[in-house]
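First comes the structure, then the notes that go with it.
Residues take their numbers from the sequence shown, with the count starting at 1. Keep in mind that this is a model prediction, so the values were computed, not measured. Remember, it's 1-based here, ligands and their atoms both numbered in the order they're listed.
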Amino acid sequence: MSGEVIKFPEGFYWGAATSAHQVEGGNRNDWSEWELESSKLKVKSAKLREWPDYIFKNYPNPLQEENYISGRACDHYNRFREDFDIAKRLGHNAHRFSIEWSRVEPEEGKFDEAAIEHYRQVIAALRERGMEPFVTLWHYTLPQWFARRGGWLHPRAVTDFSRYAKRVTAEYGREVRFWITKNEPETFVRHAYLVGDRPPQQRNIFTTYRVLRRLLAAHRAAYDALKSKDPTAQVGFAETKVYFEPYRRLPHHMLTMKAVKWWRNNPLYRDFAARSDFIGLEYYFHSRIRLNPFTSRWAIQDNEDREVSDLGWEIYPQGLYHVLDELRSYRKPIYIVENGVADAADNQRASFIRRHVEAVARALHEGIDVRGYFYWSLLDNFEWQLGFWPRFGLVEVDYTTLERKIRPSAWEYKKIIEANAVERG
Ligand code: BGC
């Protein structure tokens, strides 16, 4: 019923998420190296596309090399206190961020005390502002020594990751309750080893699967390492789930959809979840899948004429309810650790958040154990291979002056948080 107010449980976590490489600036890892090598080529291929005008209103844009180089990003490494002040003003009671492995362990086996101290201060700054930290250990980027050695395929990759995990828990275990070992393992392997548009830019289906298995092993090892240091820690993983439907309810589209869904929602999902105290869900969009046997892309998404974001992703809030429903059988607490929209004009964001939160309310009402919601992202940031132009932030960042400007939708989100309730629209 429209106008009905739906309450959230006491202690529900509300906040936003970020990841180190996307906001910190000044990183030296496999990505920063790759960005310098690939930016010229990206500008060239961007020129071949048609872009809507609004993209050029902001700096940088897809036709500029700076767009593809993370550089100083949002300078969040130096401005985290100021950024957390904003999150606090916006009513957040939790915040998800990631530790940059390449800073903490810049050389194999050698930990950097200053970087360790830095993240201690980040955690303290959140606590001082009454925000619960949700800490991700790995959000795509790798130390250069690890990447040069062959990345996740190296025989010592898993033990090295677990050594890093142990060190981090030994340092911050008492201050942090919620840990996320891995961010989106399937997305990582698909881009880096199958599609080849992210480092190390390989295209091999067997390697893709091998790396996914490695990430599972690394997740398990990190889980065990964290739990052995602190049995009360809550340790999970984060994976995205797309809500899939067939383009039409015809057998060939349905079969194609099933195959795409099996892979895209991570074929090892159950194994990841089995060694986790909670599930970190990321939800962005909906896809209608269609078999297309006459072209090289046999399965295509058909989202024409729908409500889409600046990235062309279909906005489909009820999909969040459906993916939550699919997770019911795991019988684990669920935290929505990412859900957001690229919307430079801020026309869609407030309604995007409200309608997705409504979908969460519906899931809660039906007994699904959801305990938190983190909007992606607190700040505009470096959107990986696409660069800076997609604008996901509750807070706009001017990349020339680094000035922050709170978007109107962020205040709308605050109203939901303060009421700990959402009104059905
Ligand atoms: C990732 C983020 C990314 C966001 C939007 C998620 O897949 O975890 O790093 O910025 O989606 O694409």
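- Here the two rings, on Y140 and W31, have centers that are 6.0 Å apart or farther.
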* Apply salt bridge (charged side-chain N to carboxylate O under 4.0 Å, His left out) to E326 and K261, showing your working. => CA-CA 12 Å; E326 285 173 19; K261 181 175 172 181; 3.3 Å; yes
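- The side-chain tip of R167 points at the ring of F111 from less than 6.0 angstrom away and within 45° of straight on.
- Every residue was checked against the side-chain hydrogen bond (donor to acceptor under 3.5 Å, both in side chains) condition with R210, not counting sequence neighbours, and none meets it.
- A search for side-chain contact (heavy atoms from CB on, under 4.5 Å) contacts involving S70 returns H21, E35, F382, not counting sequence neighbours.
- Not a single side-chain contact (heavy atoms from CB on, under 4.5 Å) links L255 to another residue, sequence neighbours left out.
- Pocket lining of ligand 1, defined as residues with a non-hydrogen atom under 4.0 Å away: Q22, H139, Y140, N183, E184, E282, Y284, W313, E338, W376, E383, W384, F392.
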